[in-house]
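Reading through the structure tokens given below for one structure.
Because the structure is predicted, anything quoted here is derived from the model rather than measured. Lettering follows sequence order; numbering is per chain, from 1.
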There are 2 protein chains.
Amino acid sequence: MSEEPTLDEPKRRPTIGDVAKAAGVSPSTASRALTGQGYAAAAVKAKVLAAADQLGYVPDEFARSLKRRTNRLVGVVISDLRNQFYADLAAGIEQVLGAAGYQMVLVNDDGDTDRELAGVRTLLAMRVPGTIVTPLSSEAGALLTSQGVRVVEVDRQMAESQCDAVLVDSEHGARAATGHLLELGHRRIAFLIDELEWTTGVGRLTGYREALRERGVDYDPELVVRVGFGEGSAATAIASLLEVRPDVTAVFAANNLMAEGVWQEMQRRKLRVPKDVSLVAFDDLPWMSMVQPAVSAVSQPVVAMGAKAAELLLARLSGTLTGDPRTVWLEPTFERRGSTRRLPG
Amino acid sequence: MSEEPTLDEPKRRPTIGDVAKAAGVSPSTASRALTGQGYAAAAVKAKVLAAADQLGYVPDEFARSLKRRTNRLVGVVISDLRNQFYADLAAGIEQVLGAAGYQMVLVNDDGDTDRELAGVRTLLAMRVPGTIVTPLSSEAGALLTSQGVRVVEVDRQMAESQCDAVLVDSEHGARAATGHLLELGHRRIAFLIDELEWTTGVGRLTGYREALRERGVDYDPELVVRVGFGEGSAATAIASLLEVRPDVTAVFAANNLMAEGVWQEMQRRKLRVPKDVSLVAFDDLPWMSMVQPAVSAVSQPVVAMGAKAAELLLARLSGTLTGDPRTVWLEPTFERRGSTRRLPG
DNA sequence: CTGTTAGCGCTTTCAT
DNA sequence: ATGAAAGCGCTAACAG
């Protein structure tokens, strides 16, 4: 019979006791040598390290966390990794966390509050000292803070939550985009929005309305279309709106998913952008500058937002930052591209 | 003084002992009631559950894992969340894992073997029973298996690794794409590849060469361009190649990143696709069907690949699947779109 | 059906 | 500078 380990046999991993024995010292000395905490003679330390290396010893983080009553895990709750927005956010977070020796634990909530709560429960069970969340409900954050877990909200903020947050100035971005359309002479601008429960939705709508008000253009509620979350919802929504309101000359899609839907629908209907209808998006994605014409969009510093959130959290965890909750605002920039044109006449 | 918890005070979380006390039973009984393992009178169970709920008790996974000597964590090692390919992969994995009550622990290696090893060490420390990796080196996988951790490789396979794998038939996909170009009359087809160390790179190149051979077209090594990993590398590479070899009529970019680079460079040089040069990509992304003309591409079932890998791993962990390593092959499909045209004459 | 006991692997006083 | 002992929170034997 071969000595090759088969795929099916389990394996007892070396403990600090094994290392200690191999080095001829006590477990406590081995611990001190390994962690660098406390005294350990240089010679002993070397011997322990060698033994550990030889045995392929990797300390059990669970046992360590149990003893130390803390760990270097950070929970991250997002909605959908397949949406590049969230993926970029996670990437930004991971980058900062990793550099600080923290490990990210990603939880997907799929936009579902039940799953969000379940995810939070998982993180609680893992005793993460801190979390970064794109909140769906206020319960999740409340539960976390009630258990003493640090929370930083990113992208959007739940009204009740008394925690740090890193946000993009949606209102400003939406006002810039809408203002741009208005300056080009557009007056009937459709606004597609998928939610009005979060600060993002509200902020974007507010920015839209403010731009109208600034230019003395009447707000027409019929032009504000509430879009569902499913794939194709935006396409359907814009299709029906154009049916009823063929006088619409421009569309403002309040996120990248809806922008994609609208863009697809335009292609399908052989509507020319920007000749037949102008288009602007909130949240810039690579494809928007690759299509013809490129889509004008409000660009958010997504990776930076994630990074900033991680920094804030780390500062809280280390005690560098104390006191009242901080809200960090990041400014989006409006990228004018080819999808908008001046209305003739 | 207010009783509101401030942001800065720590918090002692309730233990199973607290729950037991509140319910007037012993910790072991509380444990049995909570986990459902072992006997517990209905009335007692209810009382314990109520107490736990009331205290907001969440079992400590670390303590539990320490005792049970196993846990429901799965480590996932990928290169770059910002690349939609990896994000989709992670999403597919997460979906299956989550449904089975497992938690994914994501580790980013940024394409760096040192970081890969560090990540593996982290996973080892977390005592994950299984991992899913897009391998960079064979050491990482070897270390994992040597410690008795189950490994499933996705996307690519390290030669030495004796572990399960879920792969896409690169060779077949590349042959289809190249064959398509050949049938359109192209003879001088540039092939852009970023690595030849992995099965993906080798497979794609092999497919390219096989297609040439099948049609009796000579293989011209000069047309195979080794591209760096950095942003813009592909653009530079194709630019220099076209300088030397203006006779190239088609380009095959072996992944989505390089396809994007080439596409950008075409725009910059005002080269018409497919009039001046035809383009095909390996790994289909949404933007490829949105640009004009849409890019013909070999489409990989990325999410399914992640899901399948997770299923395989779960089967191993549960003991449903035993015995020799399995390799699951997934078939890519070639999507013909507008970026290729028949060569006149 | 329930409580007592022991111990998972580690770190940390506290003596020495 | 080192070791012995205790204990983090939990569960699994084992008695009862």
Side-chain angles (χ1 to χ4, degrees), chain A residues 10-49 51-52 55-73 121 124-129 147-148, chain B residues 10-49 51-52 55-73 122 124-129 147-148:
Chain A
K11 178 104 186 207
R12 192 186 158 287
R13 309 251 255 281
T15 72
I16 200 169
D18 298 329
V19 175
K21 200 167 296 173
V25 296
S26 74
S28 20
T29 302
S31 172
R32 283 189 291 256
L34 256 9
T35 61
Q37 316 260 72
Y39 300 101
V44 172
K45 190 167 182 173
K47 212 162 41 170
V48 171
L49 256 33
L55 290 175
Y57 170 73
V58 180
D60 186 325
E61 263 304 317
F62 286 10
R64 181 176 277 179
S65 300
L66 192 57
K67 180 69 199 177
R68 292 201 173 152
R69 316 175 57 83
T70 182
N71 60 48
R72 292 175 87 77
L73 257 29
R121 216 165 276 282
L124 245 18
M126 294 182 74
R127 296 294 188 265
V128 298
Q147 299 256 359
Chain B
K11 179 105 185 206
R12 190 186 159 288
R13 310 251 255 281
T15 72
I16 200 170
D18 299 330
V19 174
K21 200 167 295 173
V25 297
S26 76
S28 25
T29 301
S31 171
R32 283 188 292 256
L34 257 9
T35 61
Q37 315 261 71
Y39 301 101
V44 172
K45 190 167 181 172
K47 213 162 40 170
V48 172
L49 256 33
L55 290 175
Y57 170 73
V58 180
D60 185 325
E61 264 304 316
F62 286 11
R64 182 176 276 180
S65 301
L66 193 58
K67 179 69 199 177
R68 291 198 172 157
R69 316 176 58 85
T70 183
N71 59 48
R72 293 176 88 76
L73 258 27
T122 302
L124 245 18
M126 295 182 74
R127 296 295 187 264
V128 300
Q147 299 257 358

Open item on the list: Please report the end-to-end axis angle for the helix from C/dC1-D/dG16 to C/dT16-D/dA1, five pairs per end, rounded to 10 degrees.
Closed with: 40°

Rounding to an integer number of Å, can you tell me how far [X] [atom1] sits from [N] [atom2]?
X       : N      : atom1 : atom2 : result
B/Glu61 : D/dC10 : CD    : P     : 10 Å
A/Arg13 : C/dC8  : CZ    : C1'   : 14 Å
A/Ile16 : C/dG9  : CD1   : C1'   : 8 Å
A/Gln37 : C/dT13 : CD    : P     : 11 Å
B/Lys21 : C/dT4  : NZ    : C1'   : 16 Å
B/Arg69 : D/dC10 : CZ    : P     : 18 Å
B/Leu66 : C/dC8  : CG    : C1'   : 4 Å

- [ ] Indicate whether OP1 or OP2 belonging to D/dG9 is found under 4.0 Å from a side-chain N or O atom of B/Thr15.
- [x] no

- [ ] Give me the one residue out of B/Asp60, B/Val58, B/Asn71, B/Leu73 that meets side chain to side chain contact (heavy atoms under 4.5 Å, CB included) with A/Met126.
- [x] B/Leu73

Counting side-chain heavy atoms from C-beta on, which of [options] comes nearest to [X]?
X       : options              : answer
B/Arg32 : C/dG3, D/dG3, C/dC1  : C/dG3
A/Lys67 : C/dT2, D/dG7, D/dT11 : D/dG7
A/Val25 : D/dG3, D/dT2, C/dT4  : D/dG3

Open item on the list: Taking any heavy-atom pair under 4.0 Å as a contact, classify B/Thr35: base, sugar-phosphate, or nothing.
Closed with: sugar-phosphate

TODO: Pick base, sugar-phosphate or nothing for A/Ser28, based on heavy-atom distances below 4.0 Å to the nucleic acid.
DONE: base

Open item on the list: With hydrogens left out and only the distance checked, is there a donor-acceptor pair under 3.5 Å joining A/Arg127's side chain and the base of D/dG9?
Closed with: no

Task: Contact nearer the 5' end of DNA chain C, comparing B/Ala42 with B/Pro27 - done: B/Ala42

